[in-house]
Q: 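Dropping the structure in here first, questions after.
From a predicted model like this one, the values you see are computed outputs, not experimental measurements. Whatever order the structure lists ligands and atoms in, that order sets their numbers, starting from 1.
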Amino acid sequence: MNPVLYILSCAIILLGLSSCTHSTLVARSSPTVLIVTAHPDDESGMAATVWKITHALKGNVDLALVTNAEGGYKYSSLGNIIYGRELTDEDTGRALLPAIRKKELMAGGDIIGIRNYFFLDQQDHRYTLNVDSTLGYVWDTSFVVKRLTEIVEAGEYDYIFCMLPTPGTHGHHKGATVMALEAVSRIAEGKRPVVLGVSVSEQGDSLDVFKGLEGYPRTTISRGLPSFQFDRTTKFGYKDRLDYKIIVNWLIAEHKSQGTMQLAMNRGDLEEFWWFDMNDREKFEETRELFRRLAETFFEELEF
Ligand SMILES: [Zn+2]
């Protein structure tokens with residue numbers, strides 16, 4: 001390059017950088033993310049994306065868990081043998097699973113690179129689709145929102161990942177997302193992280209009909225905006241034989257008390273991230289850039 005042009009282009013790049021805010025630069029290079037979920041194992045739906053954020057982009061990812069996970073005793077038949085306790089007995093399961101499942105969560109977290117955990121320990125009472133009852137009388141919602149607000153403010157997160165609150169998903173999943181959105185709404189505009197709702201789908205089976213959970217306007221998904229996607233089937237390694245489902249499977253395997261969760265191995269090609277309408281639209285391109293970088297090749301080609 002002509003030396004004058006080279007100096008000129010460097011100056012333009014420097015000027016461009018100096019006009020960026022610090023937080024924008026941080027968000028672009030190494031994002032800081034908070035996962036807000038109801039149960040240990042809910043993070044499996046975003047595990048490959050989180051792994052790539054922490055390993056390829058050197059980002060920091062924390063996790064806030066809303067429930068104490070005591071309700072996961074029904075399918076612990078194999079867990080009974082692993083842990084040597086009768087976890088499928090309701091009283092025993094409810095007593096022991098909170099500690100067991102926290103360990104399982106953190107073992108999986110070690111694989112995908114979770115930095116820090118916040119346990120809110122609300123009761124995991126039972127399976128229900130009803131978010132109103134969960135928020136109405138099962139959880140201490142004012143505590144949850146207050147605590148999440150404190151965590152989000154202190155962590156200065158660029159993004160929050162939570163489960164997409166579709167009608168068919170567990171009421172606790174819906175509730176955790178409603179609480180996360182409520183917490184973010186209490187933070188001053190301009191300091192709010194982008195909140196993305198996560199779903200898992202197969203190739204060619206994109207969940208594009210969900211527009212928001214009735215009765216909870218903050219869960220509205222922006223119309224006309226595409227989801228961001230992380231493709232678990234992206235190939236890498238020798239002869240391109242490996243893919244990111246391996247990481248998700250490893251994480252699932254750590255949740256040994258959760259029998260039915262094990263059946264999710266190899267299921268789901270895409271981790272999809274949906275844009276809540278309450279987000280600052282100015283950050284959409286920045287978010288698109290994040291997912292573009294996450295799609296870049298990480299492993300070098302191997303030849304033997
Ligand atoms: Zn769950």
Q: Do the numbers put Lys52 on top of the ring of Phe230, so that NZ or CZ is under 6.0 Å from the six-membered ring centre and no more than 45° off the axis?
A: no
Q: Return each pair, listed once, that meets ring-ring contact (aromatic ring centres under 6.0 Å, His included) where at least one residue sits in residues 58-109; pairs must be two or more places apart or across chains.
A: none
Q: Would you list the pairs meeting salt bridge (Lys or Arg N to Asp or Glu O under 4.0 Å) in which at least one residue belongs to residues 236-253, sequence neighbours left out?
A: Lys235-Asp243, Lys245-Asp269
Q: Mind checking what makes side chain to side chain contact (heavy atoms under 4.5 Å, CB included) contact with Thr141, not counting sequence neighbours?
A: Leu135, Trp139, Met179
Q: So, for Phe298 and Phe236, is the gap between ring centers shorter than 6.0 Å?
A: no
Q: For the CD1 atom on Ile111, are there more than 12 heavy atoms of other groups (residues, nucleotides or ligands in this structure) within a distance under 6.0 Å?
A: yes
Q: Using a cut-off of 2.8 Å, how many protein N, O or S atoms lie below it in distance from the Zn ion (ligand 1)?
A: 3
